[in-house]
Visitor: 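Dumping the structure here so I can ask a few things about it.
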There are 2 protein chains.
Amino acid sequence: MAKPSAESASPRKPGRPKAPPGPDNGRTRIVRSAARLFREKGFRAATVRELAEAAGMQSGSLFYFFRNKEEILVAVMEEGMADVHAAVAAAQASGGPVAAFRLMAQRHLEGILDRDADHMTVMLYETRALPSAAERHVRQLRRDYEAMWEAQIDALIAVGCWRGAESPRLSRMALMGAMNWAVQWFRPDRGDTIEALVDTLAQLFLKESE
Amino acid sequence: MAKPSAESASPRKPGRPKAPPGPDNGRTRIVRSAARLFREKGFRAATVRELAEAAGMQSGSLFYFFRNKEEILVAVMEEGMADVHAAVAAAQASGGPVAAFRLMAQRHLEGILDRDADHMTVMLYETRALPSAAERHVRQLRRDYEAMWEAQIDALIAVGCWRGAESPRLSRMALMGAMNWAVQWFRPDRGDTIEALVDTLAQLFLKESE
DNA sequence: CCTACCGATCGGTAGG
DNA sequence: CCTACCGATCGGTAGG
């Protein structure tokens, strides 16, 4: 689970500064259902009334937990990014460069394609809707995350297993695109599996050491 | 240029059914400036008043040319898709499988990354905003477009030059993602060039014939 | 957290 | 194409 950030975790009424933890407090419910609605309809198209209903409360009550709609979006993105970051970091520490890379890709794809994997998808596709201060913050989270991939690709280049070694940045972004675009076409009910996609990515981006 | 579709080309007043062609009639101005605004802010965030102002007319006048806001979105997508489809089809007919593939990728990337290449980007990233009837129509345009790529990849497999031959669909979607995601990171002012990206894609997806 | 409510803005229309 | 306008809905607030 994501740890709440300093900016968006505390309600604005001093009378009740700490939300009781646990998966069923109001804030958690709002963020979870907002993630789904933002992914399905987009940030602008999802109304505060829909968010409130999906979270099982009145629309005015949202603003007991969040200052405004954008702050909910930031919370969704922070949680998505933190979860995927943690999963991919663990994968990176798991084995040799090639095996770790495959597991990192697996974890990243799970983070955007699994059921209830809405948060990270919103992170990837709704950046435009962020106010500029929040956008800088979120961009930094993204850079931190991509730095992991950059380091992993450097390690693969060092052992001669990265096919895009001539242009590390372009090939890294090609990989990100190949993964993130799956949100648009991946259909488990048509037989797509994350494992097969990882295999394909490995064939394209990895090579035997020379 | 895109040819207007039957559904969205004719204004609703019988008194003036045919718009005079040319790049400066009202309809063309609306579509062009809407493409830019939809790309920058998203369909929902761009208001009809902004669209009208960018096209140099009053907000009510938009509805002399289009029945509603969604119809403007469809027109933007149709034009983007038609332009890129034509450019890529011409590239496909241009040479051997490998050379044609490289030119197709070049044309596709130009269609989403060049200045004023807003239409196709809107096509790629705003599908959610379409009413369901229009969505079916647009999805069909996309399928027709992707069929070209499918055929080209089949040709590359036949000559043994496609690295993802074991899973043509997955590798094709990986390619689409690697290209379309460039919208998110490509910055010509930081030295990114389409040519370098095409080279990288070729290294990843093509191989020497066996 | 709920009730009750508000000002602003939205997409769209009538009539010319 | 413009002028003038409307009903609906939006995000958000006050007070408890």
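These figures come from a predicted structure and were not determined experimentally.
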Visitor: Between A:T200 and B:S171, does any side-chain donor sit less than 3.5 Å from a side-chain acceptor?
Guide: no
Visitor: What is the distance, to the nearest angstrom, from the CZ atom on A:R44 to the C1' atom on C:dC10?
Guide: 10 Å
Visitor: Looking at every strand, decide which applies to B:S61 at a 4.0 Å heavy-atom threshold: base, sugar-phosphate, or nothing.
Guide: base
Visitor: Let me know the distance between CD of A:Q58 and P of D:dG12, rounded to the nearest Å.
Guide: 17 Å
Visitor: Taking any heavy-atom pair under 4.0 Å as a contact, classify A:A45: base, sugar-phosphate, or nothing.
Guide: nothing
Visitor: Who does D:dG16 pair with, Watson-Crick or G-U, both distances under 3.5 Å?
Guide: C:dC1
Visitor: Are the side chains of A:Y64 and A:R27 in contact, using a 4.5 Å heavy-atom criterion?
Guide: no
Visitor: Side chain of A:R49: nearest nucleotide among C:dG11, C:dC6, D:dC2?
Guide: C:dC6
Visitor: Need one value for B:A55: base, sugar-phosphate or nothing, where a base atom within 4.0 Å counts as base even if backbone is also close, heavy atoms only.
Guide: nothing
Visitor: Assign each of B:K69 and A:G26 to its nearest nucleotide of DNA chain C by heavy atoms, then name whichever residue's nucleotide is nearer the 5' end.
Guide: A:G26
Visitor: Which nucleotide sits closest to the side chain of A:R29: C:dG12, C:dC2, C:dC1?
Guide: C:dC1
Visitor: Rounded to the Å, how far apart are B:Y64 OH and C:dA14 P?
Guide: 17 Å
Visitor: Ignoring the backbone of B:M57, work out which of D:dG11, C:dC1, D:dC2 is nearest its side chain.
Guide: D:dC2
Visitor: Can you tell me how far C1' of C:dT9 sits from CD of B:E50, to the nearest Å?
Guide: 11 Å
Visitor: Once the angle between the rings of B:Y125 and A:W181 is folded into 0 to 90°, is it parallel (under 30°), tilted (30 to 60°) or perpendicular (over 60°)?
Guide: perpendicular
Visitor: Would you kindly give the CZ-to-P distance between A:F63 and C:dC2, to the nearest whole Å?
Guide: 13 Å
Visitor: For A:I72 and D:dC10, give me the distance from atom CD1 to atom P, rounded to whole Å.
Guide: 15 Å
Visitor: For A:D199 and A:Q203, test the side chains for any donor-to-acceptor distance below 3.5 angstrom and give the result as yes or no.
Guide: no
Visitor: Just how far, in rounded Å, is P of C:dT3 from CG of A:L62?
Guide: 14 Å
Visitor: Among B:V198, B:N180, B:L103, whose side-chain contact (heavy atoms from CB on, under 4.5 Å) with B:H108 holds?
Guide: B:N180
Visitor: What integer distance in Å separates B:E53:CD from C:dC10:P?
Guide: 12 Å
